[in-house]
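Take a look at the structure below.
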Amino acid sequence: MTESVRNVAVFSLGGTIAMTTDPTTGGVVPALSAHELLAAVPALATSGIGLKVRDFRRLPGASVTFEDLTALSAAIAAELETGEVDGVVITQGTDTIEETAFLLDLYHGHEQPVVVTGAMRNPTLPGADGPANLHAAVLAAADPVLRGAGCLVVLGDEIHSAWTVRKSHTTSPAAFASPACGPIARVAENRVRMVSGLPRRGPLVGAPDREARVGLYTVTLGDDGALLDLWDGNCDGLVVAAFGVGHVPERLVEGLTKLVVRVPVVLASRIGNGPVLSDTYGFPGSEKDLLGRGLIGAGDLGPYQARLLLQALLAQGADGATVRETFTTASAR
């Protein structure tokens, strides 16, 4: 008996996985099309998976914008609503994979998985990892065991939730990890092998209908708050990447107290692994002090994710109460 063919839509955005050498500069630049990427993975021809291919953008990961991802989300939704594909794969630069995956998950309201992948070694280097990552991503997107998992990141044969994955090294092929919990699954012998249950989904946020500027302020040793003042009047919301479990120097407290009256201010940890606390430390500038002054705790969300969630909410016109409620719900995942 022949198995029924499963279908996957592949959208390419560029990135290291699609780069070749520019003869003018001698450096690599995005140049390969989605079809060329897939041609480098001959195993897909015998996988029993049908592919619908779209060359969506050719950008380095660092140049992907909110507008690009809004358009991509709409294109993915249109593809999934046809009922003709079982999953989606996106290839892009690893610089912004964790942010792309998280934002797309906020917009993704379908059961079919959306899998983001890329490469740490460009195709001109020995041991380029792009073909293997693309092969694993297509297998994951086609596997019914991942229905309902939302947006995922697949590199190095590991499958990570968009809510937990972090890029943890600048050059290593094993750069992507989920420090708090590990991958939800791995790809071996051409199939997905679950190592935990499907991740709980976060809040679903509609597509943006207005512009919203959200700042990210990273607290550092000896910070006197002068740069914090520059955000006042220049942002619709702010995420503070604080020390440890949510602490800032006492000199920042007055500025944050003034700012929180005007815009939502979210308190995250610059560590990127572990929660912001709520009721342990009590000194001026501690998490308890700041939350008592009206800042919103980010829970386990890292500062980059917290910024994306706040931006998505404000771009939908959410008020302060809705922002606070959403972050509280997201923290309870």
Side-chain angles (χ1 to χ4, degrees), residues 1-13 15 17 34 37-38 40-53 76-77 79-80 83-92 94 97-98 100-102 104-105 108-120 128-168 172-202 333:
M1 180 179 293
T2 303
E3 291 187 18
S4 60
V5 173
R6 299 187 66 79
N7 296 296
V8 170
V10 179
F11 293 81
S12 65
L13 298 186
I17 192 172
L37 292 180
L38 291 165
V41 194
L44 289 175
T46 57
S47 66
I49 300 171
L51 299 174
K52 298 182 68 176
V53 185
I76 290 171
E79 187 67 66
L80 294 178
E84 297 174 358
V85 298
D86 301 286
V88 172
V89 168
I90 300 158
T91 63
Q92 72 154 82
T94 60
I97 273 185
E98 64 180 277
T100 291
F102 183 82
L104 290 178
D105 192 71
H108 180 48
H110 294 80
E111 285 294 298
Q112 299 98 318
V114 173
V115 178
V116 187
T117 193
M120 294 299 295
D129 54 328
N133 289 338
L134 182 52
H135 181 246
V138 170
L139 294 178
D143 200 312
V145 75
L146 292 174
R147 283 185 66 85
C151 195
L152 305 164
V153 171
V154 174
L155 285 96
D157 288 335
E158 292 186 339
I159 303 174
H160 297 270
S161 164
W163 283 68
T164 60
V165 71
R166 304 285 189 271
K167 186 175 182 181
S168 60
S172 170
F176 285 83
S178 291
C181 59
I184 66 164
R186 293 184 172 86
V187 177
E189 295 184 326
N190 295 326
R191 70 180 182 87
V192 173
R193 298 170 183 257
M194 301 297 296
V195 296
S196 69
L198 293 182
R200 290 177 57 194
R201 299 295 305 276
R333 290 176 66 255

Beyond-backbone contact of Val41 with Val138, side-chain heavy atoms, under 4.5 angstrom: no

Without swapping roles, check the side chain of Asp105 against the backbone of Cys151 for a donor-acceptor pair under 3.5 Å. yes

Find the distance between CG (Leu44) and CG (Leu134) and round it off to the nearest 0.5 Å. 6.0 Å

Okay, side chain of Asn133, backbone of Asp157: is any donor-acceptor separation there less than 3.5 Å? no

Test side-chain contact (heavy atoms from CB on, under 4.5 Å) on Leu198 and Val145 and set out the steps. CA-CA 9 Å; Leu198 293 182; Val145 75; 5.8 Å; no

Taking all non-hydrogen atoms of both residues, which atom of Gly148 and which atom of Arg201 are closest, and how far apart? O-CD, 3.7 Å

Looking only at heavy atoms, which two atoms of Pro113 and Arg147 are closest? And how far apart? CD-CA, 4.3 Å

Would you check if the side chain of Asp86 reaches a backbone N or O of Asn7 as a donor-acceptor pair within less than 3.5 Å? yes

What's the separation between atom CD in Gln112 and atom CG in Leu80, rounded to the nearest 0.5 Å? 4.5 Å

From Ile76 atom CD1 to His108 atom NE2, the distance as rounded to the nearest 0.5 Å: 8.0 Å

Rounded to the nearest 0.5 Å, how far apart are CG of Leu155 and OG1 of Thr94? 7.5 Å

Would you call Arg6 and Asp143 a side-chain contact if the rule is heavy atoms closer than 4.5 Å? no

Does any part of the side chain of Ile90, heavy atoms only, come nearer than 4.5 Å to the side chain of Leu104, both counted from C-beta? yes

Identify which one of Val187, Val154, Asn190 satisfies the side-chain contact (heavy atoms from CB on, under 4.5 Å) criterion when paired with His135. Asn190

When every non-hydrogen atom of Phe176 is compared with those of His160, the smallest separation belongs to O-NE2, 3.7 Å

Calculate, to the nearest 0.5 Å, the distance between atoms CD1 and OG1 belonging to Ile159 and Thr117 respectively. 10.5 Å

Main-chain N/O of Lys167 paired with Glu98 side-chain donor or acceptor, under 3.5 Å: yes

Contact summary for Val195 and Ala185, nearest pair of heavy atoms: CG2-N, 3.6 Å

For the residue pair Thr91 and Ile17, what are the closest heavy atoms and their distance? CB-CG2, 4.1 Å

In Å and rounded to the nearest 0.5 Å, what is the CZ to OG1 distance from Arg166 to Thr164? 7.0 Å

Under 3.5 Å, is there a donor-acceptor pair between the side chain of Thr100 and the main chain of Ile97? no

Between Ala149 and Pro199, which heavy-atom pair has the shortest distance, and what is it? O-CG, 3.7 Å

